[in-house]
Structure formats: structure tokens, C-alpha cells
Protein chains: 2
Amino acid sequence: MPALRSDAARSRARILEVARRHDPGTLRFNELAREAGVGVGTVYRHFPTTHALVEALAWETLERLQVLTREAVAEPDPGVAIANLLGTALELQLEEGGLQPVLLSPEDEADDVRAAKREIVTGFEAILDRARAAGVIRPDLTVAQVEHLVCGMEHAVRLGDATDRTPYLEILLAGLRPA
Amino acid sequence: MPALRSDAARSRARILEVARRHDPGTLRFNELAREAGVGVGTVYRHFPTTHALVEALAWETLERLQVLTREAVAEPDPGVAIANLLGTALELQLEEGGLQPVLLSPEDEADDVRAAKREIVTGFEAILDRARAAGVIRPDLTVAQVEHLVCGMEHAVRLGDATDRTPYLEILLAGLRPA
DNA sequence: CGCTCAAACGGATACATCATCCGGAAGTGT
DNA sequence: ACACTTCCGGATGATGTATCCGTTTGAGCG
């Protein structure tokens, strides 16, 4: 990837800044262009699809999740590790609405996004394996299923006031323990 | 509401029949009209908003949920009652994708829909109260929160193959039990 | 500097989709 | 058969999407 020209970098930054003030679900490129003071073409050139823009918006949050996953991998107690990981994942997904689509999208991402996602999934798998081995979670769950459960919880929290998300996380963690 | 004229009833039925073959999330009125062999205006007259159409599509399923809620209310064991109710709710929501929006929408529904929803919620509250009193579920949960959890689980199941939904229900039920 | 050229810009425009409105067709009651 | 109401159809204006290309701008170089 060749270095960005100065005006291009400026446009990109303005678009992202404006986009951040919008609901990630309903991004209208023409409107973003107007608000950012650039042409529509510029928006489409920087972000060919809506997903590309969502990805760029979620990138910082994804990096934070990557770091926190590493920390969870370093945590010796498998129960604590999984509680921390699911807790932070839920927290970050609620903070950045575009994170869920990025995590779930199977392909078509920028290289750095793909790399970060791979590391996160790998770490997640390691933690889940250890937790299974230690008998602190149900043995019949795949990584994908647990990911989906976190997404489901995000959905549940969003349906309410989103202030007290604690019970939801507790319910998830309690539900994951073996019978 | 005056009785429907015969041609109107026919149009309505054709539209509903066609709509049932589509994803409830992306209903395009113009396309439905073409497929149903009626004019667009006819579709908009019968269903002024997308929500109205979704409601009509979900109506039968809503009635089934109403009946099953009654049965759960009649069940003496609170633990069994709540397991049955949440299980059938999850099942029906997965079967009829339009059910979740109808259940969550706060107003603007047809009278019979509103009545059915009221009965369901009331029954749900009764069961939850009994379950709380019997100490089989966490005491800190509102009806709304539990509803949202079921919706979250629906979302989680939909992200996967949707074939084995059993673990999800088990996890939810286990999570709801007091610590 | 001034020049050159590739990179980036803007927005007119073609295309897709939504939702309304009204002249006319069709059902209903007498 | 007639009159009256309800309902139908789809042309149409409004709204939004995505591309394309002539113009502008920045970066490197003599």
C-alpha cells in the first residue's frame, strides 16, 4: 500500500470523523459527503462499500480487543480468563456498534483487520480449550457458538436501557458452566 | 371494522401468501405487488407500513404463543412452566422471523394483536413471579429483561446453522437460576 | 522555482427503489 | 338494471445510490 497523499489523508480523516457521529447501521454516503465537505466520489473511493467504512470505524476498538485478548491468554486461571474475555468483548461491542459485523463477517476485510481477527480467534480458542479442560465450562460448545452467544447478549442489552449490563454478563457466564 | 369486500379479501390473501415466501426483514412492496399480480397501491392500501404487514404475517404464530402461554400458566411447577414458556417462545420466534419485532414494538398495532400481547405479557409476569417466589430464578430480573434475553438467544441461534438450538436454551435457563 | 504526471477530487448523471394519488373498474344493495 | 361505494392499477414524483470523467492538486525532479 503506497503512502497516502496529504489531501487524501485529510479527506479520509474528515469522513471518518463525520461517520462516527452517525448510527453505524444507517450510513448514507451522500449525506456523509455533504457533511464532511467532500464529493460523493471521494467517499466511495476511500470506502468502496459500507462494510469497508464500518471496518475502518471499528479498527481502533478491534485493536483494543486484540490487546485485551492477549492479556486474557496470559491469565493463569481459566475461569477468570474467560470471564474477563467475554466481559471485555461484550463491553467493546456495546461501545462500538460496528464491531459485531466486523467480527462476524467471514471475509473481504483489510489485511490488518484479518490479522487482528485471526489472533483474537486463536487466543479465544486457547482460552476455551483450557477452560474446557479445567471443567469450568460446558464441553459441548464451539468457539463460534460462544461468539454468537456474546453477540446475542449484545443484542439483548441493546433492547433495554443498556445501563445495567452486569446481569446479562453474569447470566451468560453462569449458563456456560457445566451442569 | 366493516366486512371486507370479496375482491379485497382475495388481494389481501394473495399478498400475504407471496410475502410469506420472502425474508421478513427485506420486504419490497413493489416486488410483492408484481409477484402477487396486484398493483402497488393495493399493497400499500392493505398494509400502510411494513410493520403492518409483518404483524399480519406473524398473527397466527402470535396466537399460538398466546395458547402456549396459557398452558404454561396452568403448569403447577414454576421451573417447568418457565422452561416450557421460554422454550416455546424461542422456538416460535425462530420459526416466524417477524414475531420478534411484533413482540418488541411498543405500540401502533392492530387491536387483536395488542390484546394477544397483553395476555402473553400478563401470563409471563405471573409465571416469573411464581418462579421468583419459588427461588428457581434470579430475583433481580424484570419481565422485559427476560424477554430481551430470549430475543438475544434468537439472534445467537440465527448466527449459526440454527439446527441445534438446544444448547442455547439450556444455557439461558441455567443462567437464569439464582447463584 | 517551474514543470510534469500520477493521484485525488467533485458532482452531474444514470440508475434503482419508494410511496402517493386519482381515473376508472368492480362488487354490493335495492 | 342502477346507483353508490369500495377497491384496483400503475403512472409518476420524490428520494436515495453508485459511477464516471473532466478538472484540480500535491509530490518529485531538473
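Values below: every heavy atom of this structure, side chains too, minus hydrogens, waters and symmetry copies. Within every chain, numbering begins at 1; the chains are lettered A, B, ... in the order of the sequence lines, protein sequences first and strands thereafter. Bear in mind that the values here come from a model prediction, so they are computed numbers and not experimental data.
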Task: Interatomic spacing from CG in L32(B) to CG in L53(B) - rounded to 0.5 Å - done: 6.5 Å
Task: Among dC7(D), dC9(C), dC18(C), the one nearest R28(B) by side-chain distance - done: dC18(C)
Task: Sugar-phosphate only, base, or nothing, as touched by N30(B) at under 4.0 Å among non-hydrogen atoms - done: base
Task: Value in whole Å for how far the C1' atom of dA8(C) lies from CG of L4(A) - done: 10 Å
Task: Which nucleotide in dA26(C), dG9(D), dT25(D) has an atom nearest any side-chain atom of V38(B) - done: dG9(D)
TODO: Starting at atom CD1 of I15(A), determine the distance to atom C1' of dG10(C), rounded to an integer number of angstrom.
DONE: 12 Å
- [ ] Please state whether the phosphate of dA8(C), meaning OP1 or OP2, lies under 4.0 angstrom from any side-chain nitrogen or oxygen of H46(A).
- [x] no
- [ ] Rounded to the nearest angstrom, tell me the gap between atom CZ in F47(A) and atom P in dT19(D).
- [x] 16 Å
Open item on the list: How many whole angstroms separate atom CZ of F29(B) from atom C1' of dA11(D)?
Closed with: 19 Å
Open item on the list: Looking only at the side chain of R45(A) (C-beta and beyond, no hydrogens), which of the listed nucleotides dC7(D), dG26(D), dA8(C) gets closest?
Closed with: dA8(C)
TODO: Return the 5'-most residue of the pair L27(B), R10(B) with respect to DNA chain C, ranking by each residue's nearest nucleotide.
DONE: L27(B)
Open item on the list: Please determine whether a side-chain nitrogen or oxygen atom of S6(B) lies at a distance below 4.0 Å from atom OP1 or OP2 of dA26(C).
Closed with: no
Task: R5(A) side-chain N/O to dA8(C) phosphate OP1/OP2 under 4.0 Å - done: no
Task: Heavy-atom closest pair, residues H148(B) and A156(A) - done: O-CB, 3.3 Å
Task: 5′-ward residue of the pair V40(B)/V40(A) relative to DNA chain C - done: V40(A)
Task: Atom-pair distance (CG on D7(B); C1' on dG24(C)), nearest Å - done: 14 Å
TODO: Could you please name the option among dG26(D), dG16(D), dC9(C) that lies closest to any side-chain atom of A8(A)?
DONE: dC9(C)
Task: Minimum-distance nucleotide to T42(A) side chain [options: dG26(D), dG9(D), dC9(C)] - done: dC9(C)
Open item on the list: Let's see if you can work this out: which of dT25(D), dA19(C), dT17(D) has an atom nearest to the side-chain heavy atoms of Y44(B)?
Closed with: dA19(C)
TODO: Please determine if a side-chain N or O atom of S11(B) lies less than 4.0 Å away from the OP1 or OP2 oxygen of dC7(D).
DONE: no
TODO: Indicate yes or no: at least one non-hydrogen side-chain atom of R34(B) is less than 4.5 angstrom from one of N30(B).
DONE: no
- [ ] Evaluate whether atom CD of E60(A) has more than 12 neighbouring non-hydrogen atoms of other residues, nucleotides or ligands under 6.0 angstrom away.
- [x] no
- [ ] Send over the distance from R14(B) CZ to dC7(D) P, rounded to a whole Å.
- [x] 17 Å
Open item on the list: Heavy-atom count check: over 12 atoms from other residues, nucleotides or ligands less than 6.0 Å from R64(B) CZ?
Closed with: no
